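Have a look at the structure below before the remarks.
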Protein chains: 2
Amino acid sequence: MTEQSTEPRPTLEAVAARAGVSRATVSRVVNGGDGVREPLVERVRRAVEELGYVPNQAARSLVTRRHDAVAVVIAEPETRVFADPFFALQLRGISKELTAHDSQLVLLLTEGRDDHARVARYLAGGHVDGALVFSLHLDDPLPGLIRGVPTVYGGRPGWRDGSRGAVYVDSDNRGGAREAVRHLVGLGRRRVAHITGALDQTSAVDRLDGYRDVMVDADPGLTVESDFTLGGGERAMRELLDRCPDLDAVFAANDLTAAGALRVLRERGRRVPQDVAVVGFDDMLPFTEQADPPLTTVRQDIEEMGRLMARLLLRGLERTGAASARAGEDVAEAPSSVVLPTTLVRRASA
Amino acid sequence: MTEQSTEPRPTLEAVAARAGVSRATVSRVVNGGDGVREPLVERVRRAVEELGYVPNQAARSLVTRRHDAVAVVIAEPETRVFADPFFALQLRGISKELTAHDSQLVLLLTEGRDDHARVARYLAGGHVDGALVFSLHLDDPLPGLIRGVPTVYGGRPGWRDGSRGAVYVDSDNRGGAREAVRHLVGLGRRRVAHITGALDQTSAVDRLDGYRDVMVDADPGLTVESDFTLGGGERAMRELLDRCPDLDAVFAANDLTAAGALRVLRERGRRVPQDVAVVGFDDMLPFTEQADPPLTTVRQDIEEMGRLMARLLLRGLERTGAASARAGEDVAEAPSSVVLPTTLVRRASA
DNA sequence: CGCCCGCTCGGGAGCGCTCTCAACGACCGG
DNA sequence: CCGGTCGTTGAGAGCGCTCCCGAGCGGGCG
């Protein structure tokens, strides 16, 4: 392992001495250089360069109370998270946005219940400026434990009392589901079934609601609860076929579920899309394109969701910290939740 | 967005006042309580509890020069990373181990070349105690830029000069490949082809070497270069079939590539495994189990790799920082690289 | 009985930085 | 020509913590 170099890193003091100015001046230059005359700026810059000076973040945080770091909390009791590229893409979007604002990403993965306390303590400890939280489940205790830390949620939190002012970024799950089902109906399908996702997640609930919006008088037997997994999709599809052999379309809560459905349909000798049309949700590439037949699905821009979450949080932080805002300047609005549109991607399965 | 509470967080001083002791004593209790008599410990603990005191990490780091944080660097010029659960699982292993040692995980994703400098600067800035680096590509400039930060690599770094003492954790790619090919040979296959991974990654090179170890005199035409992707696997399989129509087995550098191969084989009317046996690499679940036919593949324990990387790094840090080690106590060995075994998982495809 | 040692505890310095405030010129208007 | 003002710089305090050192106090041993 590469060893830690023992030579001490240069301090502000050292740079000041070398440049022949005071610590305060060096500090000013390092932090943008406002109010320092050009020749001095130049001299300080050179000294910084020569000494390879890098500010000590700990010392800085100690006085500024800013950390230039944001926690990303992924409460993840199940392994499903890692079965699709959802979080990876989201992280990527978040990372991009944070990097652009010189903020670091502190990743907090939880393992079971006890861990929630740990995460809450960490957040309360003021190590980070804010938090981005993926609250997957309706009964997740975490949101209740987070106090005093600006937070943006990924996906609408499922609180009974109407998500009391929480800021979140979500896809238009309900609208997307509606579009998917309308598409199936537009194809002339009348017996449109729905395989739900795990109904302790708002995304699954919203997609189910979207389905119901269009299929107002649908046979309740055409809806079967599942869990967003491939195996779950298979099981659900078998149950549906047994119960309603005359169904002519399936709207699955996500692509993985749709994949399970496709497999069972083939197994039972139904042709897709001739006998049964299938629509998924997510547009999980390259899987959807490579499926047999290529899957018609509802696309959501996952990376953009991540980017937006970060942007919302950072904007909120700026606002709070903007004591220095000039009078007369518009104070930025408190950020509010955003619901991103979805688009139906038509391929061969419906 | 939940607003930042403005009431100031209690300091050591406040706890000391409440408990009627000095700052130093509170500090001792907070850091383990050695050398403080029981009744005092109790009183301090209660004061901490009542005030909800949480140590200010910035202040602490300022003097201790420890951060209890480790950077995870993912140099990721391609999107392949997010197509399989590789990094997610690795991260999970890392996270588990770090959590157990009260360390935080700072995630650094890079976007293109300029970002390497940013990452290097951050690491040099002494924000973290060490780094875990996934150095995917042979020509990756990052390892050269990392100075003075204890580092453990994920996967053998591909330096020409023999990886000069770098500590890494890797799977036994070569051995795993050998086992896979031997299995095919054991099945009576004589024309065993290999679809390589992206050969600018050591894992791909090592798997190719493993293949060659067994197929010493193989027709060079049976090896075709690819890139670890599904589409790449398809292309490679087509090329192979055109070139060597008589092949009776394929060892693909990973499961995704194998999936592409399976698809093309079906398309061309070859039965798997009767006409052509196929083995993959990774055991990427649930995909391998659900493939048609279920894929025989070489499993590597990705999560364990992550955990091990973190453990190695932390052990190295302890060693360096263990100035307080009692004389006579064995000084821990400098950690050295670990190569994890792989196992062949036999399913239907070979 | 006295001395010395070891265990507890508190005092205080200082980690590297930011930020306020005062000092100092230069410059402008009256 | 002088007072006021603004722009530029430096001095110094202090963020919350750790850790060194020395004071105080028993207790064991000679």
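In the text below, chain A, chain B and the rest are named by the order of the sequence lines, each starting its count at 1. Small disclaimer: the values here were computed from a predicted structure and weren't measured.
Contact record, A/Val149 with A/Ala124: CG2-N, 4.4 Å, taken as the closest heavy-atom pair. Heavy-atom minimum distance, B/Tyr122 versus B/His127: O-CD2, 3.0 Å. Of all the heavy atoms in B/Val106 and B/Ala69, the pair that sits closest is CG2-CB, 4.3 Å. When all heavy atoms of B/Leu317 and B/Pro150 are compared, the closest pair comes out as CD2-CG, 3.7 Å. Counting all heavy atoms, side chain and backbone alike, B/Leu145 lies closest to B/Ala117 at CD1-N, 4.5 Å. Here the closest non-hydrogen pair linking B/Leu313 and B/Ala131 is CD2-N, 3.7 Å.
Judged as a salt bridge (Lys or Arg N to Asp or Glu O under 4.0 Å), and not counting sequence neighbours, the contacts of A/Asp115 are A/Arg118. Annotation: side-chain contact (heavy atoms from CB on, under 4.5 Å) contacts of A/Ala24 (sequence neighbours excluded): A/Ser22, A/Arg28. By the salt bridge (Lys or Arg N to Asp or Glu O under 4.0 Å) test, A/Glu303 pairs with A/Lys96, A/Arg307, sequence neighbours left out. Partners of A/His116 according to the ring pair (Phe, Tyr, Trp, His ring centres under 6.0 Å) rule, which considers only residues two or more places apart in sequence or in another chain, do not exist here.
Applying the side chain to side chain donor-acceptor pair (under 3.5 Å) rule to pairs touching residues 33-46 of chain A yields nothing, sequence neighbours excluded. Evaluation of the salt bridge (Lys or Arg N to Asp or Glu O under 4.0 Å) test over residues 55-71 of chain B, restricted to residues two or more places apart or in two chains, returns B/Arg66-B/Asp68, B/Arg66-B/Asp129.
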Shorter than 3.5 Å, N or O on both sides, protein versus nucleotides 23-26 of chain C: list them out with atom names.
none

Protein-nucleotides 4-9 of chain C N/O pairs closer than 3.5 Å?
unit_1	atom_1	unit_2	atom_2	d
C/dT8	O3'	B/Arg37	NH2	3.4
C/dC9	OP2	B/Arg37	N	2.6

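For B/Ser61 (side chain) and B/Gln57 (main-chain N/O), a donor-acceptor pair under 3.5 Å exists by modelled atom type. A side-chain donor-acceptor contact under 3.5 Å links A/Ser337 to the backbone of A/Ala166.
Read 5' to 3', the first and last nucleotides of DNA chain D with an atom closer than 4.0 Å to a heavy atom of chain A are D/dT8 to D/dG16.
For the segment residues 43-50 of chain B, no residue has any heavy atom less than 4.0 angstrom from an atom of DNA chain D. Remark: B/Arg60, B/Leu62, B/Val63, B/Thr64 in residues 60-68 of chain B come within less than 4.0 Å of DNA chain D through at least one heavy atom.
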Before giving the answer on ring-ring contact (aromatic ring centres under 6.0 Å, His included), spell out for A/Phe87 and A/Phe134 the whole-Å C-alpha distance, their side-chain angles and the decisive distance to 0.1 Å. CA-CA 9 Å; A/Phe87 280 96; A/Phe134 294 91; 5.1 Å; yes
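The bend of the helix from C/dC1-D/dG30 to C/dG30-D/dC1, defined by the angle between the axes of its first five and last five pairs, stands at 40° to the nearest 10°.
Side-chain contact between B/Ile146 and B/Leu142 is present, with at least one heavy-atom pair separated by less than 4.5 Å. Annotation: side chain of B/Leu132 is not in contact with side chain of B/Thr151 (no heavy-atom distance under 4.5 Å).
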